[in-house]
K.L.:
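A single structure is presented below for examination.
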Amino acid sequence: MAYTTLVVEVDGTVQTIRLNRPDALNALNSTLLSELADALREADQNPKIRAIVLTGSEKAFAAGADIKEMSDKSFADVFSSDLFARDAQGICATRKPIIAAVSGYALGGGCELAMMCDFIIAADTAKFGQPEINLGVMPGLGGSQRLTLAVGKAKAMDMVLTGRFMDAEEAERAGLVSRVVPAKNLMQEATAAAVKIGEKSLLSLMAAKEAVNRAFETTLAEGLLFERRSFQGLFATEDKVEGMAAFLEKRQPQFRDK
Ligand code: CO8
């Protein structure tokens, strides 16, 4: 499909989606979020794709939701359309692993979009923030929830209430990002991680992703039960037989997603 706000490339098992609104620092508007939800749905349906890298430009992953698009809207407008909500849910419903490769600004909705991904690899130039408070509003695409779960109340409140940015080093220390790499290595590192993920069985990848995400939704006892059942369920797969046999035979597994 042709997109106007995304550049989508597939190389081997990895789909790279680049946000592409350079004149607006990749600000998220309705078109972009709808196209992104479509691209991710297509990736989920394409059996050749096993992992996704979502990135922006060197200067900005995304500098937030599009303030120009939002500036004229009333409560009735955003409430009745439930602005961005359906596409955000679509993005989060992606079953294949998504890595956010963040360089430069990831602000407001941009930070929230990065947090919708499964993990974030940050360039040493990355800056994360929830500056909506400066606009007389507040986070609206998960920032008050996912940021708090990722970095804890103290830092989340600090960022959400003051609007200050967190650099890559602080973001790694706080647990918001999984790795920080030199900016010039960002795509290489993120793609290598995606390729490595792509070597696993898609069945176990999707089950593992569901189980980790369940940790944010439920109690420890329920989460442990969910994990155990998912683990046990994977014993019904050919890939489990292959994976364990390959280990014992000291060879690489050939997973077939069955
Ligand atoms: N929306 C629209 N346009 C933007 C945005 C944005 N969020 N960010 C930058 N731009 C545009 C600028 O207007 C400018 O365009 P133009 O050249 O036409 O004037 C262009 O991008 C370049 O930006 P700057 O000239 O400002 O670049 P600087 O390097 O000077 O500054 C900053 C970079 C610091 C990133 C600055 O652009 C900035 O502060 N941007 C806004 C950051 C922000 O406030 N983000 C939060 C937005 S609100 C939000 O995300 C809400 C999410 C929840 C929505 C939920 C709906 C239910």
Side-chain angles (χ1 to χ4, degrees), residues 1-6 8 15 17-21 23-45 52 54-56 60-100 102 105-120 128-151 153 156-157 159-161 163 176 206 209-210 212-218:
M1 194 190 282
Y3 298 105
T4 59
T5 62
L6 307 175
V8 179
Q15 183 186 64
I17 302 178
R18 188 178 289 278
L19 307 178
N20 188 36
R21 296 190 67 218
D23 295 344
L25 300 184
N26 294 330
L28 313 173
N29 63 10
S30 307
T31 307
L32 185 148
L33 282 172
S34 154
E35 290 189 348
L36 183 56
D38 286 346
L40 290 169
R41 196 174 316 109
E42 278 187 25
D44 251 357
Q45 287 163 359
I52 298 141
L54 178 63
T55 194
F61 176 76
D66 191 317
I67 299 168
K68 282 179 199 141
E69 186 180 88
M70 291 185 297
S71 63
D72 290 339
K73 291 196 189 299
S74 65
F75 168 77
D77 294 330
V78 295
F79 179 72
S80 55
S81 68
D82 213 358
L83 184 68
F84 301 153
R86 197 163 298 208
D87 291 325
Q89 284 157 8
I91 291 164
C92 295
T94 308
R95 300 192 71 205
K96 292 179 181 170
I98 313 176
I99 301 171
V102 174
Y105 296 111
L107 304 178
C111 184
E112 293 169 316
L113 176 60
M115 292 189 292
M116 289 178 210
C117 299
D118 297 315
F119 62 97
I120 302 173
F128 298 88
Q130 299 288 162
E132 293 93 336
I133 207 80
N134 298 326
L135 303 170
V137 288
M138 59 173 282
L141 281 172
S144 67
Q145 305 300 300
R146 291 198 178 93
L147 186 66
T148 309
L149 290 168
V151 306
K153 177 182 167 184
M157 279 289 191
M159 290 174 70
V160 167
L161 299 183
L176 178 59
M206 293 192 303
K209 171 171 170 164
E210 273 181 8
V212 173
N213 281 333
R214 191 51 71 103
F216 295 105
E217 307 286 350
T218 189

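Scope of the values below: all heavy atoms of this structure, side chains included, with no hydrogens, waters or symmetry mates.
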K.L.:
D44 side chain to R95 main-chain N or O, any donor-acceptor pair under 3.5 Å?
P.N.:
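Yes; judged by distance alone, with no hydrogens or angles, the pair exists.
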K.L.:
First locate atom CE of M157, then atom CG of L147, and finally report the distance between them rounded to the nearest 0.5 Å.
P.N.:
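Spacing of CE (M157) from CG (L147) equals 11.0 Å.
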K.L.:
Does CD in Q145 sit with more than 12 non-hydrogen atoms of other residues, nucleotides or ligands closer than 6.0 Å?
P.N.:
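Atom CD in Q145 is not crowded, with 12 or fewer foreign heavy atoms closer than 6.0 Å.
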K.L.:
Please report the interatomic distance CD(E112) to CG(L107), rounded to the nearest 0.5 Å.
P.N.:
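Going from CD on E112 over to CG on L107, the span is 10.5 Å.
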K.L.:
Over all heavy atoms of both residues, which pair between M70 and A65 is shortest? Give the atoms and the distance, please.
P.N.:
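Closest approach of M70 to A65: CE-CB, 3.7 Å.
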K.L.:
Is a side-chain donor or acceptor of Q15 paired with a backbone partner of V8 at a separation under 3.5 angstrom?
P.N.:
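Such a contact is absent between Q15 side chain and V8 backbone.
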K.L.:
M116 versus L141: any side-chain heavy-atom pair under 4.5 Å?
P.N.:
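The answer is yes, as the side chains (C-beta and beyond) meet within the 4.5 Å cut-off.
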K.L.:
Can you name the nearest heavy-atom pair linking A62 to L28, along with the distance?
P.N.:
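Distance-wise, the nearest heavy atoms are CB-CD2, 3.9 Å.
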K.L.:
Nearest heavy-atom pair of D77 and S74: which atoms, and what distance?
P.N.:
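For D77 versus S74, the nearest heavy atoms are OD2-N, 2.8 Å.
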K.L.:
Please tell me if the side chains of C111 and V102 come closer than 4.5 Å, counting only heavy atoms from C-beta onward.
P.N.:
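Side chain of C111 against side chain of V102, heavy atoms only: no contact under 4.5 Å found.
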K.L.:
With rounding to the nearest 0.5 angstrom, report the CG to CD1 distance, L40 to I52.
P.N.:
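The distance works out to 5.5 Å.
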K.L.:
Going by heavy atoms in the side chains, are L54 and F61 under 4.5 Å from each other?
P.N.:
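Yes. Closest side-chain heavy atoms under 4.5 Å.
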K.L.:
Under 4.5 Å between any side-chain heavy atoms of I120 and F128, yes or no?
P.N.:
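Heavy-atom side-chain distance check passes, below 4.5 Å.
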K.L.:
To check you understand the geometry: which heavy-atom pair defines the closest contact between L32 and A27, and what is its length?
P.N.:
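Result for this residue pair: CD1-O, 4.0 Å.
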K.L.:
Measure across N26 and L19 and return the closest heavy-atom pair with its distance rounded to 0.1 Å.
P.N.:
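That would be OD1-O, 3.2 Å.
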K.L.:
Hey, does R86 have a side-chain heavy atom less than 4.5 Å from the side chain of L33?
P.N.:
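Counting from C-beta outward, L33 and R86 never come under 4.5 Å.
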K.L.:
So which atom in C92 and which in R146 form the shortest heavy-atom distance, rounded to 0.1 Å?
P.N.:
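Scanning both residues completely, I find the closest heavy atoms to be SG-NH2, 3.5 Å.
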K.L.:
Could you check whether D38 pairs with R41 (Lys NZ or Arg NE/NH1/NH2 to Asp/Glu carboxylate O, under 4.0 Å)?
P.N.:
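A salt bridge is present here (some side-chain N lies under 4.0 Å from a carboxylate O).
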K.L.:
Can you confirm whether K209 sits close enough to K96 that some side-chain heavy atom of one is under 4.5 Å from a side-chain heavy atom of the other?
P.N.:
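SC-SC contact between K209 and K96 ruled out.
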K.L.:
So M138 and V160, do their side chains get closer than 4.5 Å, heavy atoms only?
P.N.:
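No, every pair of side-chain atoms sits at 4.5 Å or beyond.
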K.L.:
Measure the spacing between OG1 of T5 and CD1 of I17 and express it to the nearest 0.5 Å.
P.N.:
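That separation rounds to 10.5 Å.
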K.L.:
When rounded to the nearest 0.5 angstrom, what distance separates CZ in F84 from CG in L113?
P.N.:
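It is 11.0 Å, given to the nearest 0.5 Å.
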K.L.:
Is there a donor-acceptor pair closer than 3.5 Å between any side-chain N or O of D87 and the backbone N or O of A37?
P.N.:
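A pair under 3.5 Å: no.
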K.L.:
Do side-chain atoms of E35 reach the backbone of T4 as a donor and acceptor pair under 3.5 angstrom?
P.N.:
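The answer is yes, because a donor-acceptor pair under 3.5 Å joins these two groups.
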K.L.:
Test your reading of the model: is there a side-chain donor-acceptor pair from D82 to the backbone of A85, 3.5 Å cut-off?
P.N.:
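It does not hold such a pair.
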K.L.:
Once you round to the nearest 0.5 Å, how far does CZ of R21 lie from CG of L6?
P.N.:
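Here the rounded value is 11.0 Å.
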K.L.:
Give a yes or no answer on whether the side chain of T218 reaches the backbone of R214 with a donor-acceptor pair at less than 3.5 Å.
P.N.:
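Between the backbone of R214 and the side chain of T218 there is no qualifying donor-acceptor contact (under 3.5 Å).
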